[in-house]
Amino acid sequence: MTTRAEPGDDQSDPGLSAIMSERRQLINLGYRLLGSLADAEDVVQEAYARWYAMSAREQQAIESPGAWLMTVASRICLNLLGSARARRETYVGDWIPEPLPEPAEWITGRSGADGTDPADRVTLDESVTMAFLVVLDSMTPAERVAFVLHDVFRYPFGEVAEVVGRTPAACRQLASSARRRIRSAQSPAGPSAGQAGIVRQFRTAWEAKDIDALISLLDPDATATADGGGLAVTHLHPIVGSEQIARAYAEIARVSGDRTTFLECTVNGLPGLVTRQDGNLSTVFAFEIVDDRIRNIWAVRNPEKIRPWRIR
C-alpha cells in the first residue's frame, strides 16, 4: 500500500516520521472502520507497538513506514470487526457508534504518541455522520474495510486486496455491495443550517412537552434508538412512529423536570443535542433529517461513549 506522504516528513527517522505524519490518518481510519474512538486509539497503539517491535534493520527495509502502518492498522480493524459481532450478542440494548463533538468541545483524555489528544484529530465529514456510520455497521467486515479504504481513503483495489486477503476483483464487488447498502439506506440530507433549525424546533417542543409539535417535526415512520450499554437507564428497543416517539420523549421531559438542561451542539459534523442532568452530561443525540423531517434519532447514554464530551 503506497503512503499519502505529508509535508515535513523526516526520512532520517522513519519511525518518528510515521508517527508524526500518519497518526491522524490512522485515527481517522480506525474510527470509520470501528465506530469507536477508544477502539481506534487501541488499534493505532497496537500498530505502533508492532512497528517498534521490529529491529532497526527491519524498519529500514520498509520503503514506506506510513503505508506499512495503514496496512497493519487496517488488518487489525478487520480482525476486530469479525469479533465485534460476537461481542454485540452480550451488549445490553442497541449498539450505536460513539458520537464525536466538534474539535473545540473535546475533553483531553488519553494522550497520543505525539502529545496531542487524538480526539481532535478526527476529520468531521460526510463519512462520519451518525447515519453513515450506522449503515457501515450493518455491513460485513470485508465490505466495510473494502469500502472505507477505497471510497473514503481512495486506495486502489490492488492495495485493498492486500488487507482483505481477496482478489482485487472481489474487493471491487465488496465495495459495490457496500455502496448499494448506502444508497438504499440513505436519502440526500438538506443543508446543515436548515437541519439546525429543525433540531432547535425539536428542542423547544421537547422542553415544552408539546406532543403535537414534536409529531409535526418527525417523519411518520421515524425511529428513535438509544444506547445505554447496561450502564445507563434507557429504552432497550427502538421506538418506531412519530406519535410513539413524541409521547415517549414528552414523558422523559416530564420525569426529568428541572433537573435536565437541553443544549444544541454539533454531533459528528451535524446539528445535534446534548442533555445535562443535575449538571452532568447524560445523553448525546444525533439526528438524521430528510425532507425537513427527523427520520432517525440516536441517543447515546453509555457513559463510556460520551466521556470525551466537555460540559459547556
Side-chain angles (χ1 to χ4, degrees), residues 1 3-4 6 15 18-53 64-85 87-88 95-101 103 106 108-130 132-155 159-160 162-165 174-175 178 267-269 300 302 304-308:
M1 193 178 275
T3 187
R4 276 55 174 172
E6 297 196 9
I19 288 175
M20 296 303 292
S21 66
E22 299 294 334
R23 180 172 176 79
R24 179 174 184 173
Q25 180 144 311
L26 293 170
I27 289 288
N28 274 277
L29 172 74
Y31 178 73
R32 285 162 176 78
L33 286 178
L34 303 175
S36 165
L37 183 67
D39 288 347
E41 272 200 86
D42 289 341
V43 166
V44 175
Q45 298 286 1
E46 175 63 21
Y48 285 139
R50 295 186 187 185
W51 170 263
Y52 285 113
S64 174
W68 184 91
L69 284 167
M70 283 291 286
T71 299
V72 169
S74 298
R75 287 172 178 164
I76 295 172
C77 287
L78 182 61
N79 290 335
L80 288 175
L81 286 169
S83 61
R85 294 181 182 274
R87 295 199 308 272
R88 300 278 177 81
W95 187 94
I96 296 174
E98 181 179 334
L100 295 179
W106 290 103
T108 300
R110 302 162 64 183
S111 60
D114 60 356
T116 302
D117 181 13
D120 64 6
R121 298 176 69 87
V122 176
T123 303
L124 299 178
D125 59 26
E126 66 278 1
S127 69
V128 292
T129 65
M130 191 61 72
F132 193 88
L133 291 174
V134 168
V135 178
L136 285 180
D137 196 56
S138 70
M139 298 177 185
T140 68
E143 279 180 329
R144 187 167 184 170
V145 172
F147 174 79
V148 169
L149 284 177
H150 180 266
D151 284 44
V152 178
F153 288 89
R154 304 301 179 188
Y155 283 102
E159 297 180 5
V160 175
E162 297 177 21
V163 173
V164 180
L174 288 169
V267 182
N268 287 62
V300 182
N302 185 335
E304 294 181 353
K305 292 187 176 183
I306 60 177
R307 189 171 296 151

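Quick note: residue numbers are just sequence positions, from 1. All values reported here derive from a predicted model rather than from experimental measurement.
Taking every heavy atom of both residues into account, Gly30 and Cys77 meet most closely at CA-SG, 4.0 Å. Nearest approach of Leu69 to Trp51, heavy atoms of both residues: CD2-CB, 4.3 Å. Closest approach of Leu149 and Ser74 over heavy atoms only: CD2-OG, 3.6 Å. The shortest heavy-atom contact between Val164 and Ala146 is CG2-N, 4.5 Å. When every heavy atom of Ala175 is checked against every heavy atom of Asp151, the shortest pair comes out as CB-OD1, 4.3 Å.
Applying the salt bridge (charged side-chain N to carboxylate O under 4.0 Å, His left out) rule to pairs touching residues 139-150 yields Asp137-Arg144, Glu143-Arg181, sequence neighbours excluded. Sorted by first then second residue, the salt bridge (charged side-chain N to carboxylate O under 4.0 Å, His left out) pairs that include residues 70-82, not counting sequence neighbours, number zero.
Note that CD1 of Ile27 is 4.5 Å distant from CZ of Arg23, once rounded to the nearest 0.5 Å. The distance from the CD1 atom of Ile306 to the CG atom of Leu100 is 13.0 Å, given to the nearest 0.5 Å. The line from CZ of Phe153 to CE of Met70 is 5.5 Å long, rounded to the nearest 0.5 Å. The distance from the CG atom of Asp42 to the CD1 atom of Ile76 is 10.0 Å, given to the nearest 0.5 Å. Taking OG1 of Thr71 as the reference point, atom CD of Glu159 lies at 7.5 Å (rounded to 0.5 Å).
With Pro99 as reference, Val300 is the one residue of Leu133, Val300, Val128 to meet the side-chain contact (heavy atoms from CB on, under 4.5 Å) rule.
You'll find the side chain of Leu174 stays beyond 4.5 Å of the side chain of Met139, heavy atoms only. Looking at Leu78 and Leu33, their side chains never come closer than 4.5 Å, going by heavy atoms from C-beta outward. You'll find the side chain of Glu22 stays beyond 4.5 Å of the side chain of Trp68, heavy atoms only. Counting heavy atoms from C-beta on, the side chains of Phe147 and Leu136 come closer than 4.5 Å.
Residues satisfying the side-chain contact (heavy atoms from CB on, under 4.5 Å) test with Glu304, not counting sequence neighbours, are Leu231, Asn302, Arg307. Remark: Ser127 pairs with Arg32, Asp125 by the side-chain hydrogen bond (donor to acceptor under 3.5 Å, both in side chains) rule, at least two apart or across chains. Applying the side-chain hydrogen bond (donor to acceptor under 3.5 Å, both in side chains) rule to Glu46 yields the partners Arg50; only residues at least two apart in sequence or on another chain are considered.
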task = Kindly determine whether Val43 and Leu26 satisfy side-chain contact (heavy atoms from CB on, under 4.5 Å), including the steps that lead there.
result = CA-CA 8 Å; Val43 166; Leu26 293 170; over 6 Å; no
task = Check step by step if side-chain contact (heavy atoms from CB on, under 4.5 Å) holds for Ile96 and Met130.
result = CA-CA 9 Å; Ile96 296 174; Met130 191 61 72; 3.8 Å; yes
